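Step one of this worksheet: look at the structure below.
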Amino acid sequence: MDYLQINGGKELSGEVTISGAKNAALPIIAATILSDNEVILTNLPNVVDIRTLLNLLTMLGGSVEHNATVAKVNNGSITSTKAVYEIVSQMRASILVLGPLLARFGECEVSLPGGCAIGQRPIDLHLKALESMGATIEIKSGYVHAMAPNGLKGARIIFDKITVGGTENIVMAAALAEGTTTIINAAKEPEVVQLCEMIAEAGVKITGIGSNELTIEGTNKKPLQFKPLEIIPDRIEAGTYLCAGAITHSTITLNKVNPQHIRASTEKLESMGCTFDIDKDSMTIYPPKELKPVNLITIEYPGFPTDMQAQFMAVAVMSKGESLIEERLFENRFMHVSELNRLGADIWLKSNTAAVKGVEKLYGADIMATDLRASSALVLAALVAEGTTNVHRIYHLDRGYDDLEGKLSALGADIVRKKV
Ligand code: UD1
């Protein structure tokens, strides 16, 4: 199994190009099921999760040509509507095929994703919303079996909780439903916005894009024709490199980034003493010599993203003072705490809040990645830890970070991938 070996203490400098957003690309790849024609996607991140979902489309009978950042997908040839356990268990986001498969074929079976390291992550809201659109849902032998033989019908859906994946699934389902669907308490993350824009560009009337209330007028099962689409920049990858700059006190420039999408992170970094030069699609971070502590609460967009919580905790560890970090979205998203403490951090956890006392120094050790974003927090801490840190189980990182070690090496970090 691969691991990353990092010798800490190197100053970083230079420029890094941000890849396409994994969390935008995944629903967009799922949305290609709404079409029976070729769809061309560019600026895909070269990460495992993308390959997993494209692989699922191939298993369903779709035709996929994929080369690093570009995919040509044609789902005109789909013959199966069963998303099997072997794929869904590798990646929870496979549940995103549920809405489009059901809407286009009137029936599908998708393995239940189950829990994961960061919490229970139920899909009850996805299922309840599809039921209100007329679907019959049965859960049997670990699979969700959804049926709507006469097609889905537009409905008024009020999500009890804001759900990114739930909103995406229902937007896709509503696109081919009969009549108008209204989603109240919809997610408005940039990734949801790009999915809505893609579907609207294909001729589906959607109002309220980027707000908490979406109205979608379905095509009554008529498949969509999508234009070639370039995936938006990854705001979480961008935020992670800003944290790399902050923690190592290094000036770094990010290219191909959307500064608007990462305002929650830049505002927190500003409160820690960092300054920025911001252009339309690039930005440079200038960290202070001594970082101030930070208080943050994770919440839905445009609030502070849960996917940046672990990375900010790593930065807070190296700040002067005490930070409070409250996680409101995923009950168990603190697996990085004990690993950061192994490096010498002083983090105290109570319920969903972590109190982080800044320390002068961290010391290299063997540590273990537990989930995707926690893994990048460990790499950030290792960049400043004295001596050598080995970060194990980096298959988590490979799911969502495009060439992390290559990009950090190019910035001057001493980081190599090793095989056991
Ligand atoms: C997506 C992102 C993930 C990010 C998360 C929150 C993708 C592929 N993943 O995950 O990186 O951390 O948004 O920004 O885009 N919930 C329910 N019932 C449901 C659905 C969700 O209770 O049916 C709860 C979840 O347990 C969680 C909260 O709602 O507490 C938000 O989850 P959700 O927005 O659905 O996250 P994902 O779409 O899975």
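As the structure lists them, so they are numbered: ligands from 1, and atoms in each ligand from 1. None of these values were measured; they are calculated from a predicted model.
In terms of N/O distances under 3.5 Å, ligand 1 is approached by Leu329. Between Leu125 and ligand 1, an N or O atom pair is found at a separation short of 3.5 Å. Geometrically, ligand 1 and Pro122 share a nitrogen or oxygen pair separated by less than 3.5 Å. For Thr306, no nitrogen or oxygen atom sits less than 3.5 Å from a nitrogen or oxygen atom of ligand 1, counting backbone and side chain alike. Taking distance alone, with nitrogen or oxygen atoms compared against 3.5 Å, Asn23 approaches ligand 1 more closely than that limit. Between Glu189 and ligand 1, a contact under 3.5 Å exists for no N or O pair. For the pair Asp124 and ligand 1, the shortest N or O to N or O distance falls below 3.5 Å. Residue contacts with ligand 1: Ala93 is placed with no nitrogen or oxygen under 3.5 Å of a nitrogen or oxygen of the ligand (distance criterion only).
For His126, heavy-atom contacts with ligand 1 shorter than 4.0 Å involve the backbone as well as the side chain. Contact annotation for Tyr301 and ligand 1: no heavy atom of the residue comes within less than 4.0 Å of the ligand. With a heavy-atom cut-off of 4.0 Å, Arg333 touches ligand 1 through its side chain alone.
Ranked by closest heavy atom to atom 31 (C) of ligand 1, the top entry among Ile236, Ile162, Leu372 is Ile162.
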